[in-house]
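Following: one structure in structure tokens, then a few remarks.
Computed from a predicted model, the values in this text were never measured in an experiment.
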Amino acid sequence: MRILIAEDDDVGRFQLEALLSKDGYEVVTAADGATAWQILEQHDAPPLVILDWVMPELNGLEVCRRIRESHRNGYVYVIMLTGKTRKDDIVSGMDAGADDYLSKPVHMEELRARLRAGRRILALEEALRIQATHDALTGVLNRGTIFELLQRELAKAARSAAAVGVILADLDHFKQINDRYGHPAGDAVLREAARRLKASMRAYDAVGRYGGEEFLLVLPGCALDAAIDVAQRARRAITAAPVSTGPHAVEVTASFGVATAETGRPLDLEAVIRVADEALYRAKARGRDRVESAHE
Ligand code: GH3
Ligand code: MG
Ligand code: MG
Ligand code: MG
């Protein structure tokens, strides 16, 4: 686990760094509050922070306030480190958003125990965040989250004149699969289809559950031809082998509609989805297990 130690006292900082590194933490350090804040503003900021109270530039209290005001993803668990032991100091530290505090000199076993408590909170927060953003059955992003992500990517693309590929995938004759093999088998097919879709995409692409047996794929930086390639790859991945649902081996195919938001094409979410949906409709009409795009 990554942890930030912000402490202006060199000896104290080195000691903590050595001990926590030995405990297996991936330690990042800052010798003043401004540097700490710079690190915390970054996308991959550590989720655990030990903040000295009295530091040059920005004090720990101010860094803590900024952490709570910023809206980055994921909770940051803050332990204030302080020589102050007056109750009203502790109250103002907690009011600034600290989760816990530790008095100097640091008692290592106490710090370890407080870090364990912090990690429990972070694990809970992470579990809740995943629950709120992912589809419970298939594990891909849920509808709200994939829409938000698409909205963000479209805004980014509009600023940089880049493209965003959008693919709607719909399993073919899925109702028959439910009817023939039962709903639990249908669920297993959905889970495996989602896994295959995901496996056929790049790491920075995203897939979400759009509806019952429909998935929405978002491909940042993908113009139409590249998006069609991805859809073809996904289509082949779905049909590659029957899905084993215990007693049955179920043949699965899917149809794909591809659209892109790029310069000269519609850039708003509703329009892109509509174009992808129309293409999907054509793929169904033309026999299923195929990819159609906004070309025509
Ligand atoms: P088409 O090829 O035209 O898409 O036919 P289809 O049968 O796939 O389409 P239709 O919309 O008629 O049926 C979709 C089915 O998906 C109906 C619904 O019961 C089933 N379904 C939706 N969500 C779930 C789910 O979470 N689990 C299971 N097992 N089935 C689901
Ligand atoms: Mg200090
Ligand atoms: Mg459907
Ligand atoms: Mg279907």
Side-chain angles (χ1 to χ4, degrees), residues 133-143 145-147 149-150 153 163-260 272-296:
T133 52
H134 288 69
D135 173 54
L137 176 67
T138 61
V140 298
L141 297 176
N142 62 26
R143 183 183 167 97
T145 308
I146 190 75
F147 269 66
L149 188 148
L150 174 57
E153 289 303 330
V164 182
V166 172
I167 303 173
L168 271 179
D170 184 302
L171 301 189
D172 296 328
H173 298 308
F174 188 68
K175 201 178 163 310
Q176 289 177 14
I177 293 178
N178 274 334
D179 292 348
R180 191 172 307 159
Y181 304 104
H183 214 268
D187 284 355
V189 169
L190 273 174
R191 268 197 298 271
E192 176 61 14
R195 198 193 62 74
R196 290 180 186 184
L197 285 176
K198 222 173 161 178
S200 62
M201 295 160 68
R202 306 165 302 177
Y204 36 94
D205 298 333
V207 55
R209 192 159 175 206
Y210 182 75
E213 27 72 90
E214 294 167 17
F215 296 92
L216 177 62
L217 283 57
V218 177
L219 321 169
C222 246
L224 194 57
D225 286 347
I228 291 171
D229 285 348
V230 173
Q232 287 292 6
R233 200 160 65 228
R235 188 190 60 77
R236 286 193 300 271
I238 294 280
T239 57
V243 176
S244 159
T245 66
H248 309 288
V250 183
E251 304 273 356
V252 187
T253 65
S255 301
F256 296 79
V258 183
T260 48
V272 183
I273 299 265
R274 185 171 6 90
V275 173
D277 199 42
E278 284 162 7
L280 171 61
Y281 184 82
R282 279 199 300 279
K284 293 284 184 188
R286 292 178 179 172
R288 295 178 171 78
D289 188 19
R290 58 187 287 140
V291 173
E292 293 290 334
S293 73
H295 261 320
E296 354 175 8

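When all heavy atoms of A294 and A259 are compared, the closest pair comes out as CB-CA, 4.3 Å. Residues V258 and A231 approach most closely at CG2-CB, 3.6 Å, considering heavy atoms. Minimum interatomic distance between E153 and P220 (heavy atoms only, all atoms of both residues): OE1-CB, 3.6 Å. The heavy-atom pair separating A223 from T260 by the smallest distance is C-CG2, 3.6 Å. Nearest heavy-atom pair, V140 versus A194, reported as atom, atom and distance to 0.1 Å: CG1-CB, 3.8 Å.
Note on ring orientation: taking the six-membered ring where Trp is involved, the planes of H248 and Y181 are tilted (angle from 30° to 60°).
Note that CG of L197 and CZ of R233 are 11.5 Å apart. Values are rounded to the nearest 0.5 Å. Separating the CZ atom in R202 from the CG atom in L219 is a distance of 6.0 Å, to the nearest 0.5 Å. Taken from OG in S200 to CG in D229, the straight-line distance is 12.0 Å, to the nearest 0.5 Å. Note that the CG atom of D172 and the CZ atom of R235 stand 10.0 Å from one another [nearest 0.5 Å]. Atom CZ of R209 is separated from atom CZ of R143 by 11.5 Å, given to the nearest 0.5 angstrom. Note that CD1 of I146 and CZ of F215 are 11.5 Å apart. Values are rounded to the nearest 0.5 Å.
In this structure, L168 and L216 have side chains that are in contact, with non-hydrogen atoms separated by less than 4.5 Å. Counting heavy atoms from C-beta on, the side chains of D289 and S255 never come closer than 4.5 Å. Annotation: side chain of I273 is in contact with side chain of F147 (closest heavy-atom distance under 4.5 Å). In this structure, the side chains of L190 and E213 come closer than 4.5 Å at one or more pairs of heavy atoms. When side chains are defined from C-beta on, T145 does not count as touching L149, because their heavy atoms never get closer than 4.5 Å. With a 4.5 Å cut-off on side-chain heavy atoms, L141 and H134 count as touching.
One finds a salt bridge joining R196 and E192 here, because a Lys/Arg side-chain nitrogen approaches an Asp/Glu carboxylate oxygen to under 4.0 Å.
Both tests do not hold together for R290 against F256: distance to the six-membered ring centre under 6.0 Å, angle to the ring axis within 45°.
Checked options V164, V272, I167, V207; the residue passing with V218 is V164 (criterion: side-chain contact (heavy atoms from CB on, under 4.5 Å)).
No donor-acceptor pair closer than 3.5 Å links the side chain of R288 to the backbone N or O of L171.
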